[in-house]
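Ligands are counted one by one from 1 in listed order, and the atoms in each one are counted from 1 as well. Below, each value reflects all heavy atoms present in this structure, side chains not excepted, and no hydrogens, waters or symmetry copies.
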Amino acid sequence: MYMELKLQYNNTSNILIATGNAHKFKEIKEIIGGCGGLNPIFLDKSYGIEIIEDGKTYEENAKIKAAGYIDYLNKKPDLKKFLDIQFILSEDSGLEVERLDGAPGLFTARYAGENASDSSNIEKLLMEMSLKKECASNRRAKFVCYACLYDTTENNFQYFYGELSGFIAENASGTKGFGYDPVFIVPEFNKTAALLDSAQKNAISHRGTAFRKAADAIKSKLNIHG
Ligand code: ITT
């Protein structure tokens, strides 16, 4: 069962990216790079890892995700031993629209209901904004990201924050990225995030900021400079 991972990771010291979202994993992998020679690992849906995000804050949810992966691995000692995880990185992120009083916020991933698709979430967001007259003149919004770093050798959790301010477009455009990217206008480029290359998005995104801080913390723990 672990053959594929073995080929991919060659049994070295690893960093587990505790997310079920393959788009997030791709971005995080690009952002943290080699990070001290650690291999970023993604356990896809076939591993059946279920996390109930019932925290009251983004930080709580980020910790719940990291702790959920720790529990999962503790129940799979062979996989745990094989993966030789040194760090676990998770995150909780969301979109906050000023004139919707910060909604969708903690419910960003499931704004249009449990297991909602990106397009139905976007549709709901544009509908809610069209129903609120204050949104006609103010479409300001921000993405927020709370990264959580768990160090298996110290058994502690650290948090890193990033945000990206912008505006919600009237219509979706672009096919890159994920989630609400097709309606999130990045002022610096005057384009939606779904029209940016991943390097452009990562350089300024909420996730880019939070995970570069996490990567610096990891490098400092590993005594790596530069
Ligand atoms: P995990 O919990 O497994 O990490 P998730 O997609 O459920 O994956 P969250 O609970 O943190 O993640 O939900 C955050 C949602 O916010 C995400 O599903 C997107 O809809 C949206 N989001 C976060 N970052 C985004 C980005 O960079 N671009 C577009 N949408 C984003």
Side-chain angles (χ1 to χ4, degrees), residues 16-31 40-69 72 88-97 102-126 141-148 150 159-169 172-186 189 191-211 214:
L16 177 63
I17 310 301
T19 179
N21 183 328
H23 297 283
K24 270 190 190 178
F25 174 70
K26 181 176 171 287
E27 287 188 5
I28 293 166
K29 194 174 168 188
E30 282 175 20
I31 295 161
I41 292 186
F42 176 59
L43 298 178
D44 67 21
K45 299 238 183 282
S46 68
Y47 287 83
I49 303 168
E50 297 281 347
I51 310 277
I52 298 168
E53 293 178 39
D54 55 1
K56 295 197 171 37
T57 63
Y58 295 102
E59 279 150 305
E60 273 179 38
N61 277 339
K63 184 175 181 182
I64 286 169
K65 292 179 205 186
Y69 277 71
Y72 177 84
I88 296 182
L89 263 179
S90 62
E91 67 117 277
D92 200 47
S93 47
L95 175 68
E96 300 184 346
V97 177
L106 282 181
F107 301 97
T108 299
R110 47 202 146 111
Y111 196 35
E114 283 304 325
N115 304 315
S117 64
D118 288 344
S119 56
S120 56
N121 279 333
I122 287 176
E123 203 179 309
K124 163 130 171 122
L125 177 69
L126 295 181
K142 66 179 175 185
F143 277 126
V144 297
C145 175
Y146 290 79
C148 173
Y150 175 73
Y159 300 90
F160 306 92
Y161 177 70
E163 66 176 50
L164 174 64
S165 296
F167 299 91
I168 301 301
S173 62
T175 55
K176 295 173 188 160
F178 70 102
Y180 297 77
D181 280 342
V183 288
F184 189 88
I185 298 173
V186 181
F189 294 97
K191 282 179 183 173
T192 68
L195 289 165
L196 302 181
D197 293 334
S198 63
Q200 288 175 312
K201 179 181 171 188
N202 293 340
I204 45 129
S205 78
H206 49 312
R207 187 163 298 104
T209 304
F211 280 86

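Close approach to Asn21 involves these atoms of ligand 1, each under 4.0 Å from a residue heavy atom: 3 (O), 6 (O), 8 (O). Of all atoms in ligand 1, listed by their number and element, those nearer than 4.0 Å to a heavy atom of Gly179 are 20 (O), 29 (C), 30 (N). Counting atoms of ligand 1 from 1 in the listed order, those under 4.0 Å from a heavy atom of Lys201 are 26 (C), 27 (O), 28 (N).
Here the protein heavy atom with the shortest distance to atom 10 (O) of ligand 1 is Glu53 OE1, 3.0 Å. Scanning all protein heavy atoms for the shortest distance to atom 1 (P) of ligand 1 gives Thr19 OG1, 3.4 Å. With respect to atom 2 (O) of ligand 1, the closest heavy atom belonging to the protein is Lys65 NZ, 2.7 Å. Ranking protein heavy atoms by distance to atom 24 (N) of ligand 1, first place goes to Arg207 NH2, 2.8 Å. Nearest protein neighbour of atom 30 (N) of ligand 1, counting heavy atoms only, is Tyr180 N, 3.1 Å. Counting only heavy atoms of the protein, atom 18 (O) of ligand 1 lies nearest to Ala109 CB, 3.5 Å. Phe178 O, 3.0 Å is the protein heavy atom nearest to atom 29 (C) of ligand 1. The nearest protein atom to atom 21 (C) of ligand 1, hydrogens excluded, is given as Thr108 CG2, 3.6 Å; this is a heavy-atom distance.
Polar contact with ligand 1: present for Gly20 (N/O pair, distance under 3.5 Å). The shortest N or O to N or O distance between Asp118 and ligand 1 is not below 3.5 Å. For ligand 1, the polar-atom distance check finds an N/O of Asp181 within less than 3.5 Å of one of the ligand's N/O atoms. Remark: ligand 1 and Ser93 share an N or O pair separated by less than 3.5 Å (distance only, no angle test).
Counting heavy atoms from C-beta on, the side chains of Thr209 and Glu163 never come closer than 4.5 Å. Side-chain contact between Asp118 and Tyr180 is absent, with no heavy atoms from C-beta onward closer than 4.5 Å.
The nearest pair of heavy atoms linking Pro104 to Tyr111 is CB-CD1, 3.4 Å. Residues Thr192 and Asp181 share a closest heavy-atom pair of CB-O, 3.4 Å. Here the shortest heavy-atom pairing between Pro40 and Lys29 reads CG-CG, 3.8 Å.
Ligand 1 lies out of reach of Asn121, whose nearest heavy atom is not under 4.0 Å from it. Using a non-hydrogen distance threshold of 4.0 Å, Leu95 does not register as a contact of ligand 1. Residue contacts with ligand 1 do not include Arg110, since none of its heavy atoms lies under 4.0 Å from the ligand. Ligand 1 lies within reach of His206, whose nearest heavy atom is under 4.0 Å from it.
In this structure, the side chain of Asn202 does not engage the main chain of Ala199 through any donor-acceptor pair within 3.5 Å. Formation of a donor-acceptor pair under 3.5 Å by the Ser90 side chain with backbone atoms of Ala62 is found in this model. Side chain of Lys65 to backbone of Glu91: a donor-acceptor contact under 3.5 angstrom is found. A side-chain donor-acceptor contact under 3.5 Å links Asn121 to the backbone of Ala109.
Other residues, nucleotides and ligands place no more than 12 heavy atoms under 6.0 Å from the CD atom of Glu123. Sparse packing is recorded around NZ of Lys63, with 12 or fewer heavy atoms of other residues, nucleotides or ligands lying under 6.0 Å away.
Considering only non-hydrogen atoms, atom 31 (C) of ligand 1 lies nearest to Phe143 out of Phe143, Phe107, Tyr146. Nearest to atom 9 (P) of ligand 1 by heavy-atom distance, out of His23, Glu27, Glu91, Lys24, is Lys24.
In this model, no donor atom of one side chain and acceptor atom of the other lie less than 3.5 Å apart for Asn21 and Thr19.
Heavy atoms of Phe184 found under 4.0 angstrom from ligand 1: none, in either backbone or side chain.
The pair Lys26-Glu30 counts as a salt bridge, with a side-chain nitrogen and a carboxylate oxygen less than 4.0 angstrom apart.
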